[in-house]
Asks: 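Dropping a structure here in structure tokens format, bear with me for questions.
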Protein chains: 2
Amino acid sequence: MLTLYSWNVNGLRAVHRKGIFLDWLARTQPDILCLQETKCRPDQLSEDVLHPPGYYTYWAVSERPGYSGVALYCKQPPLSVQVGLGLPDFDREGRTLVADFGDFTLVNAYFPNGSRDHSRLPFKMQYNADFLDTIENLRQGGQSVIFCGDVNTAHQPIDLARPRQNMNATGFMPIEREWIDRVVERGYLDTYRTLYPDTTGAYTWWAQVTFSRQKNVGWRLDYFFISPDLRPRVMDAAIHPDVLGSDHCPVSLTLAIETDDQ
Amino acid sequence: MLTLYSWNVNGLRAVHRKGIFLDWLARTQPDILCLQETKCRPDQLSEDVLHPPGYYTYWAVSERPGYSGVALYCKQPPLSVQVGLGLPDFDREGRTLVADFGDFTLVNAYFPNGSRDHSRLPFKMQYNADFLDTIENLRQGGQSVIFCGDVNTAHQPIDLARPRQNMNATGFMPIEREWIDRVVERGYLDTYRTLYPDTTGAYTWWAQVTFSRQKNVGWRLDYFFISPDLRPRVMDAAIHPDVLGSDHCPVSLTLAIETDDQ
DNA sequence: CATTCAATG
DNA sequence: CATTCAATG
């Protein structure tokens, strides 16, 4: 059994400083943990966060200090890890890690935010397009694919509290949602929604400005998608809104795959 | 009897937030208070700081947000207040207030910092030169002059804890100290040093980086200077190192001048 | 080290 | 609102 978690931490140093990160990690013990918005270089971290007992860690860093960044924590080292998509425009922002675990290739991604004024929407849609090309190439190479992270888009009206008010807000615009349609058309499964097609109020992000978390006025922006061949292995998919410390909460996926744990 | 205080607060909002400023003001009740490094526009302040009971307030603001800025709090309104020296290069940094109190003209100034790499030394020396011209013009117009504030220069070796190590550091370079020599040659009196010519360890600023305040490794950078005609009125000059909340402490001057207080 | 601001989300 | 950085002192 393999447990995978994904969490946009909104600053790894901040969630560590609050005394939350290592506690949660020690308690949860995911086999694989994907972080987004780490907002740091590894050399800015203390040893306890950089190398928690039992974990290998991998880092994608933005050229711009304090911005973006993703990390991978895992109990077994991948066969290989690729930092970035191989596309400098995106890779300089530290958005992507691709890890080959043998049974599957895992892509941990912090998808671009379209920006309130929509100025980064073209950049986001280009990332999304190139991202889909990348994972399709992996599948054509015979790999099973899992991708997770902050997709920065709610797919359907059920995936946010105020769908009608946000039709023209980045994160729920038709063009953004259609990209997820395309992902699903290619056969990828939104694991949480596949298991819980009708569950409402299932969100992973809440705006801090409006204190919307206490009212659960949120969005489901964080996902675990799998290629369809992995469907028989899915044991559970979950959202963990009780885990505080960021404006996002973690999401998880449990697979029926043996680990080498002794 | 008239009590004047001068204090570089290193951010008025910060010293207010710490609960120090209004407490200190209510307890001390200076007739006149000159602040430097207010680092704010008046509209960024709450009413209680902007208009404490019994005080008129006047503001010089930098064009650059959060930088520099001086303020004048006084129980009796001046006959006139001039914001700036009339020199745009300096006035755009909100460094100077000139207030005519009838008995004397008070100039509240935040003299430029020469910058660690000495890059602002020419700017500082030009400000100092133009400042001296300004107060000399006031005297030639028949006024008694008081000037106070953060002069950003220690005059003599007795005025800092480590004179030999700082001969080439801005704040104690020969060229900076010679400007104070010139002020003294014109007859102005450094009120504190006039009353206490041999007192050592009398500092008004301590570097935060090195926690030097607890060791009293400091500099005397804040002064009340007076034109010589006011000498007979001087009752006391003091330094108040126990007042916390900034990296500078307040300094004060007490004059034998009647106030209109009922 | 401490203050403030700007960018970003 | 919260995180991080940069400039300044």
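This is a predicted model, so every value here is computed, not measured. Reminder, nothing fancy here: chain letters follow the sequence lines and each chain counts from 1.
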Asks: If pairing requires Watson-Crick or G-U wobble contacts with both distances under 3.5 Å, which nucleotide is the partner of C/dA7?
Replies: D/dT3
Asks: Centre-to-centre under 6.0 Å for A/H240 and A/Y5, is that the case here?
Replies: yes
Asks: Starting at atom CH2 of A/W206, determine the distance to atom C1' of C/dG9, rounded to an integer number of angstrom.
Replies: 16 Å
Asks: Got a donor-acceptor pair under 3.5 Å from the side chain of A/E37 to the base of C/dG9?
Replies: no
Asks: For A/R27, I'd like to know if atom CZ has over 12 heavy atoms of other residues, nucleotides or ligands within 6.0 Å.
Replies: yes
Asks: In whole angstrom, what separates A/Q208's CD from C/dA7's P?
Replies: 19 Å
Asks: Only one of A/F225, A/F90, A/F111, A/Y188 clears ring-ring contact (aromatic ring centres under 6.0 Å, His included) with A/F131; which?
Replies: A/F111
Asks: Rounded to the nearest angstrom, tell me the gap between atom OH in A/Y110 and atom P in D/dT4.
Replies: 13 Å
Asks: Within the structure shown, what part of the strands sits under 4.0 Å from B/R213 by heavy-atom distance: base, sugar-phosphate, or nothing?
Replies: nothing
Asks: Would you call B/R177-B/D159 a salt bridge at under 4.0 Å N-O?
Replies: no
Asks: Going by distance alone, is a donor N or O of one side chain under 3.5 Å from an acceptor N or O of the other, for A/T96 and A/Y127?
Replies: yes
Asks: In terms of side-chain heavy atoms of B/K18, which of C/dA2, D/dG9, D/dT3 is nearest?
Replies: C/dA2
Asks: Atom CZ of B/R120 and atom P of D/dT8: how far apart are they, to the nearest Å?
Replies: 8 Å
Asks: What is the distance from CG of A/N113 to P of D/dA2, rounded to the nearest Å?
Replies: 19 Å
Asks: Would you kindly give the CZ-to-P distance between A/R64 and D/dT3, to the nearest whole Å?
Replies: 17 Å
Asks: Expressed as a whole number of angstroms, how long is the span from B/F211:CZ to C/dA2:C1'?
Replies: 10 Å
Asks: Let me know the distance between CG of A/N10 and P of D/dT3, rounded to the nearest Å.
Replies: 7 Å
Asks: Less than 4.0 angstrom between a side-chain N/O of A/Y67 and OP1 or OP2 of D/dT3, yes or no?
Replies: no
Asks: Looking at the side chain of B/V209, which of C/dC1, C/dT3, C/dC5 is the nearest nucleotide?
Replies: C/dC1
Asks: Between A/Q44 and B/H248, which residue's closest nucleotide on DNA chain D lies nearer the 5′ terminus?
Replies: A/Q44
Asks: Checking all strands, does A/R13 fall into the base, sugar-phosphate, or nothing category for heavy-atom contacts under 4.0 angstrom?
Replies: sugar-phosphate
